Structure formats: C-alpha cells, structure tokens
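Heads up: the structure comes next, in structure tokens.
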Amino acid sequence: LFSHAIQTQLTEVRMFKGLAGHLTEKNVHSINTLPSNNIELFDCYAGLILGHLYRNFPLPITLTAERFIDYKGLADSNREALEKEENLFLATVKWLADIGYIHFDGMSGVAFYEVVLTNSGLLILRAYPEGTDTAPTLGEKLAQCVNNENTADMRALVTQALSLGVRMISPMSRSGI
C-alpha cells in the first residue's frame, strides 16, 4: 500500500513536470500570461485534486502543493513562476471549496488539511460522462487521468463536472446575502 502511494505521487509529479514544461514553452510564466493558460492549469489542478479525492473517499487527506508542483524544476528557473504555480494551486483548492465540491478543515502555507469531497462533489463525480450511461463515472475517469499524462481528457472531464455542478449546486449556493 505504501509503495502504491509513492508510485502514485511520482506519477502525479511526472505529469506536472510534463505539463509545466509544455506550458513554459508557451511562456505561461511571464508577467503577461494569457488567461487561457491559467484556465488550463486550473483544469489540470482541479482534475488531479478531484480524482485524488474520489479515489480516497471517504477518507480525508492532506493536499500539499508539493504533490502537484515541480518545485525542483521551477526553483531552478524562476521564483516568480513558482509563486504563480503556488497561487494557482491555492486558488483552485479554495475555489473548489467555495463552490461546494470539497471541504477542508484548515490550511497552513501551501497545505490543506482534512480535505474530502462534499456530498455534492461526490454526487457529481458519480455521474456518467456525457453521452454514456454506463461505467466508468466522471470520478473514476478523473482518478484514471491522475495516472496518465493526458491533460486534454482531464480538462474535458473537469468541464463536464463543472457544467453538471452548475445545474446541481447553483440553486443551493451562497447568494451573497
């Protein structure tokens, strides 16, 4: 079990090393970053986070930026890029909690503690992808994406989960009053 957890972490780091390299080639870490690159990275973080939480449900876990960000590669290149990656990771986790997909009990630095899917988040991830009514579910597919480097599939699944969430959660979300 311990060996499997280490292997999973190594796979996730390799995925983001590839993603970071791909996005760096597109100059994603410059001051004048295009918003679509933030969206791409948000989709990847959201997919990895949701897939990881689905796979571990109902056990709460600790999510740290170290699990998702290639610190070694980014630290060598640019402190500004590293801070941007951390801020995007933090904002993604907070947004997923604000919108009602996940819950966490606390945070410190770049770590979130006791993170778990909410009832709404679990319900969304148990849905079937558009056009199918058989397994695997969105959550199962996202959990599978954690183990490979197909960011396009992951981004499409996140889009489906967010779209489904709008229809399911929005009547219950905060009104700002």
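In this text the structure is predicted, and so the values were computed from the model without any measurement.
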Checklist line | Evaluation steps, side-chain contact (heavy atoms from CB on, under 4.5 Å), between Ile102 and Leu53 | finding: CA-CA 9 Å; Ile102 67 174; Leu53 291 171; 3.4 Å; yes

Checklist line | Gap between atom CE of Met154 and atom OG1 of Thr159 - 0.5 Å precision | finding: 12.0 Å

Margin query: Please find the pair of heavy atoms, one from Asp105 and one from His103, that lie closest to each other, and give the distance.
Written below: OD1-NE2, 2.8 Å

Item checked: Gap between atom OH of Tyr54 and atom CZ of Arg126 - 0.5 Å precision -> 6.0 Å

Next item on the list: Establish whether Trp95 and Val110 are linked, either directly or via other cluster members, by ILVMFWY side-chain heavy-atom contacts under 4.5 Å.
Entry: yes

Check: Shortest non-hydrogen contact from Ser120 to Gly100?
Finding: CB-O, 3.8 Å

Checklist line | Gap separating the CG atom of Leu50 from the CG atom of Leu157, nearest 0.5 angstrom | finding: 10.5 Å

Next item on the list: Hey, could you give me the CD/CG distance between Gln144 and Asp153, rounded to the nearest 0.5 Å?
Entry: 10.0 Å

Item checked: Passing option when Leu88 is tested against Ile69, Asn38, Val93 for side-chain contact (heavy atoms from CB on, under 4.5 Å) -> Asn38

Next item on the list: Kindly determine whether Ile61 and Glu114 satisfy side-chain contact (heavy atoms from CB on, under 4.5 Å), including the steps that lead there.
Entry: CA-CA 5 Å; Ile61 61 171; Glu114 298 294 308; over 6 Å; no

Check: Are any side-chain N or O atoms of Thr118 and backbone N or O atoms of Tyr101, one a donor and one an acceptor, separated by less than 3.5 Å?
Finding: yes

Next item on the list: Start with the C-alpha gap between Val158 and Leu142, add the side-chain angles, then the distance that decides, and say whether side-chain contact (heavy atoms from CB on, under 4.5 Å) holds.
Entry: CA-CA 8 Å; Val158 167; Leu142 281 170; 4.2 Å; yes

Check: Measuring from Tyr45:OH to Leu63:CG, what's the distance to the nearest 0.5 Å?
Finding: 12.5 Å

Note to self: Using 0.5 Å steps for rounding, measure from the CE atom of Met107 to the NZ atom of Lys94.
What the structure shows: 4.5 Å

Notebook entry, point to check: Closest approach of Phe57 and Leu117, non-hydrogen atoms and distance?
Noted result: CE1-O, 3.7 Å

Note to self: Show the nearest heavy-atom pair for residues Ala111 and Thr64, with the distance to one decimal.
What the structure shows: CB-CG2, 3.7 Å

Check: Where do Ala46 and Thr92 come nearest, in terms of heavy atoms and distance?
Finding: N-CG2, 3.8 Å

Next item on the list: Examine distances only and state if a side-chain atom of Thr137 and a backbone atom of Leu125 form a donor-acceptor pair shorter than 3.5 Å.
Entry: yes

Check: Step by step, would you call Phe89 with Phe112 a side-chain contact (heavy atoms from CB on, under 4.5 Å)?
Finding: CA-CA 11 Å; Phe89 169 76; Phe112 294 86; 4.0 Å; yes

Checklist line | Considering all heavy atoms, the nearest Pro136-Tyr128 contact | finding: O-CD2, 4.1 Å

